[in-house]
Amino acid sequence: MVLIWDHQRPPGGLCASPSCRNVYLTQGSGLPRRYCSRRCATRERVAAHRRARAAR
């Protein structure tokens, strides 16, 4: 497994959402993932938007 990580990106990771922390697997090429699902990504984006609007 270490040899794979030396030349390629990791095969998965932890969800970036503090309320989730699920493990996900990277599938195929493309942009690196930060969240385990679209639902977690949307939840975090909406929360950031609401925090920004409340700070105005």
Side-chain angles (χ1 to χ4, degrees):
M1 181 108 73
V2 173
L3 292 176
I4 292 174
W5 285 34
D6 285 344
H7 301 289
Q8 298 175 0
R9 65 180 160 180
L14 290 175
C15 184
S17 174
S19 63
C20 177
R21 309 309 284 175
N22 282 334
V23 176
Y24 63 86
L25 294 175
T26 303
Q27 297 176 353
S29 61
L31 295 173
R33 291 177 61 176
R34 291 181 54 208
Y35 300 101
C36 65
S37 66
R38 287 185 181 181
R39 178 176 284 177
C40 277
T42 301
R43 183 184 315 119
E44 290 299 311
R45 188 173 59 247
V46 169
H49 175 74
R50 289 180 179 162
R51 282 192 303 270
R53 290 206 46 160
R56 289 184 193 176

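These numbers come from a predicted model, not from an experiment.
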Could you tell me whether the side chain of [X] and the main chain of [Y] form a donor-acceptor pair under 3.5 Å?
X	Y	answer
Arg45	Cys40	no
Tyr24	Arg33	yes
Arg38	Ala41	no

Around atom CZ of Arg21, are there more than 12 heavy atoms from other residues, nucleotides or ligands closer than 6.0 Å? yes

Distance (rounded to the nearest 0.5 Å) between Ser37 OG and Arg43 CZ: 7.0 Å

One pair to check against side chain to side chain contact (heavy atoms under 4.5 Å, CB included): Asn22 and Leu14. What are the steps and the verdict? CA-CA 6 Å; Asn22 282 334; Leu14 290 175; over 6 Å; no

Do Glu44 and Ser19 come within less than 4.5 Å of each other through their side chains, counting heavy atoms only? yes

